[in-house]
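Right, one structure below, let's go through it.
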Amino acid sequence: MPTPTTRGAALARAAQLALHTDRQWLRLGHYRRGVMGGYQSLADGAAFFLSPRGKEDPRAELEATIEAFYTPWTDAFLAVTDAGEDEVAVLPEEVTRGTRRPKVDPTTIHPQCRFPARMAFLVRRLGLPARRMRINRCPRFLRFFSTLNARAVSLMFSAYYLNTPASALGHTFLRLHRAGPTAFGKRLELLDTGIDYSAVVDTNNSVLYALKGLFGMFPGTFNAYPYYYKVREYNDYESRDLWEYELNLSPAAVQLLVAHLWELGWTHFDYWYLSENCSFHILSVLEVAAPNVELHRFVGWPIAPSNTLKALNNNPGLIRAVRYRPSVRTQFLARLGGLDSEEARLVPRLLDTPGLSLAEQSTESQARILDAAADLVDVRHARELVHRTSQAADQLRQKILERRAALGGASAELVIPTPDSGRPDLGHDTARAGLGAGIGSSGGAFATLDFRLALHDLIDPTRGYPDDAQIEFLPTRLRWDPLRQQLQLDSFSFVNVWTMGPLNRYDPRISWHVDVGAIRRVDPAGYRRVAGRFEVGGGATVGLFDNALLLFANADIELLVAPGLRAHRYVPLSIGLGPLIGARVRLHARLNALLLTRTRWLPGQARAWSFVSESALRWMATDSFAMGIEGRWD
């Protein structure tokens, strides 16, 4: 292919090849085909486009890019591209501080320096003359490129964290493996770089956060951090296991990915919690790096981070290796499993009395006890230790470590096997639809239609999901009454969350749940009617037989809003207070049962008490089909 020697020849060659329809070009511009035809880029920052019509017209943006790449290297451009580090903070500083926006007008940066991935694409596809493509005149990009020094890429999954709405579905980010030294046979992995996409949040209000996240009202940006920062945040502070999927990308693909990350430093995207979220845009970057890989096609909607991992499996050969990094809580439980009953009893006592005598124990036993105690301090005081907000926690940890150091000798390496049952890419799919039939004590036979947008409930198979938690978005059940020829809403939830961390003497945790939606209930006159519902409760859970049996008890408050539910003459509101008790039984990896009983005191109402008992048994016959039986007494 002859080399285009002028911009006119390059433009003609691009038109001849219809390069603006090339899949790689469309991915570089983050273009998506519109419902009514045409294209629209998801990038929302004006600096990402060189054409005024670039957001809607990939051809205009391609032509503007070719034109811009032939722009002379004037003294003004050179003065900016060679400027001091403090003037453009988007890159080297971003790697260490997570800086999100450039400090200078990006239009003063030569287009070849702003868009090195586009330049690589055009050099490859059009054969643009290398002497005109002067990447050596882009010291900032070259500094960024050499600072990351990436040789490989992994997609990281941080396990589900129900205490933060943004992390309830899990989180994905990239780890860029540095080329370089090794220590004790292992790479210095904590010196790698983490790349994530996240919302720029402007509120601490959980309700406002949820609303703005659902309706795309936050800007989202790519950020670079030292990998050890992400490990401290997820592994230590939030006690979340990390799963690593190293990708089989060529060196050229890794270089292209890094170049495109630089380009994304000049823009932002509207952040949508269920669609254009962390996982969506991370997949977009990977598709740029590997043009022959298809990822978005296998994800569907909503885009749950665990589903993006399944998209990797749909590209044979893309995953080079799967690794597991246990959280500090997982490490502590593993250490605890290596202690006898007397050693385990002494561990929590050391946190209350750091100087507690261990003279009756052997030196090896003391070492095991102190190692476990140090991990327990990390579990109980993760927030204070990470953010350095408690001198007492720092001093407690220091005293235990000093006692351990005084014993001498190296601790045995803690080996935690990779739990195949926990791999998030092997879990069930998130959306669900179901059909059912039943008989009511008063209404006769009926049929049901169920739907759930995401993600997991307490009697779904636990492989790949938390064993003691539930999070569902938009679970809905419709009931068809053949006698009345009516389709009725039986239950609906915007969100239904349970977390049931079993109690133990080492790490006591409160179990809690919240359900917001609507439900059909019997009113004081005996009629079934739909009422808006808000239920919240907290209590304790006990786990037996390796959590195969979970017994839980909560104190609940339930608010129902509907005509006829009148605690007072003009207020269509019912308030219920009382206990909820239940059990979840894991009979087999694919067979689970749940029993719940709610008793409510209804102050100020004609009927002073209500009682609801529910039970369910479900068997997952295949990865995509389940059968079950349910009963409810209301």
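Nothing fancy with the numbering, it's 1 onward along the sequence. Hydrogens, waters and symmetry mates play no part in the numbers below; they use all other heavy atoms, side chains included.
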Heavy-atom pair with the smallest gap, counting every atom of [X] and [Y]:
X: A583; Y: L551; result: CB-CD2, 3.7 Å
X: P461; Y: Y465; result: O-CD1, 4.3 Å
X: Y227; Y: E189; result: CD2-O, 3.3 Å

Heavy-atom side-chain proximity of [X] to [Y] below 4.5 angstrom:
X: F552; Y: S511; result: no
X: L242; Y: S158; result: yes
X: V585; Y: N592; result: no
X: L376; Y: L351; result: yes
X: F446; Y: D481; result: no
X: V322; Y: T418; result: no
X: D196; Y: K230; result: yes
X: V200; Y: H268; result: no

Heavy atoms of other groups near [X] [atom1], more than 12 under 6.0 Å:
X: R632; atom1: CZ; answer: yes
X: F494; atom1: CZ; answer: no
X: W619; atom1: CH2; answer: no
X: F298; atom1: CZ; answer: yes
X: D623; atom1: CG; answer: no
X: L587; atom1: CG; answer: yes
X: Y229; atom1: OH; answer: no
X: I510; atom1: CD1; answer: no

Between the main-chain N or O of [Y] and the side-chain N or O of [X], is there a donor-acceptor pair closer than 3.5 Å?
X: Q470; Y: L458; value: yes
X: N554; Y: D556; value: no
X: Q331; Y: P326; value: yes
X: D515; Y: S493; value: no
X: D634; Y: V612; value: no
X: Q395; Y: A392; value: no
X: K310; Y: H428; value: yes
X: D429; Y: A431; value: no
X: N277; Y: S279; value: yes
X: N235; Y: R240; value: yes

Are F280 and F269 close enough that their ring centres sit under 6.0 Å apart?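 Ring-ring flag for F280/F269: false, centres at least 6.0 Å apart.
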Determine whether the aromatic ring centres of Y324 and W243 lie less than 6.0 Å apart.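 Y324 vs W243: aromatic centres under 6.0 Å.
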Could you go through R598 and E535, starting from their C-alpha distance and side-chain angles, then the distance that decides it, and tell me whether this counts as salt bridge (Lys or Arg N to Asp or Glu O under 4.0 Å)? CA-CA 11 Å; R598 293 176 171 91; E535 182 182 61; 3.0 Å; yes
Applying salt bridge (Lys or Arg N to Asp or Glu O under 4.0 Å) between D460 and each of R584, R590, R432, report the one that passes.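 That would be R432.
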Plane angle bin for H513 and W498 - parallel if under 30°, tilted between 30 and 60°, otherwise perpendicular: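 Parallel, since the angle between the ring planes stays under 30°.
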Give the C-alpha distance, both sets of side-chain angles, the deciding distance and a yes or no for side-chain hydrogen bond (donor to acceptor under 3.5 Å, both in side chains) between R323 and S154. CA-CA 10 Å; R323 302 184 186 92; S154 291; 4.6 Å; no
Polar contact flag, side-chain donor to acceptor under 3.5 angstrom, [X]-[Y]:
X: R477; Y: T448; value: no
X: S574; Y: R600; value: no
X: T541; Y: D468; value: no

List the steps, then state whether side-chain contact (heavy atoms from CB on, under 4.5 Å) holds for L449 with L435. CA-CA 5 Å; L449 173 64; L435 293 172; 3.7 Å; yes
Return the CD to CD distance between Q391 and E384, rounded to the nearest 0.5 Å.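 With rounding to 0.5 Å, CD (Q391) is 13.0 Å from CD (E384).
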Derivation of the side-chain contact (heavy atoms from CB on, under 4.5 Å) call for F534 and V561: CA-CA 9 Å; F534 174 77; V561 180; over 6 Å; no
Show the numbers, then the answer: is there a side-chain contact (heavy atoms from CB on, under 4.5 Å) between F473 and I471? CA-CA 7 Å; F473 285 101; I471 178 166; 3.9 Å; yes
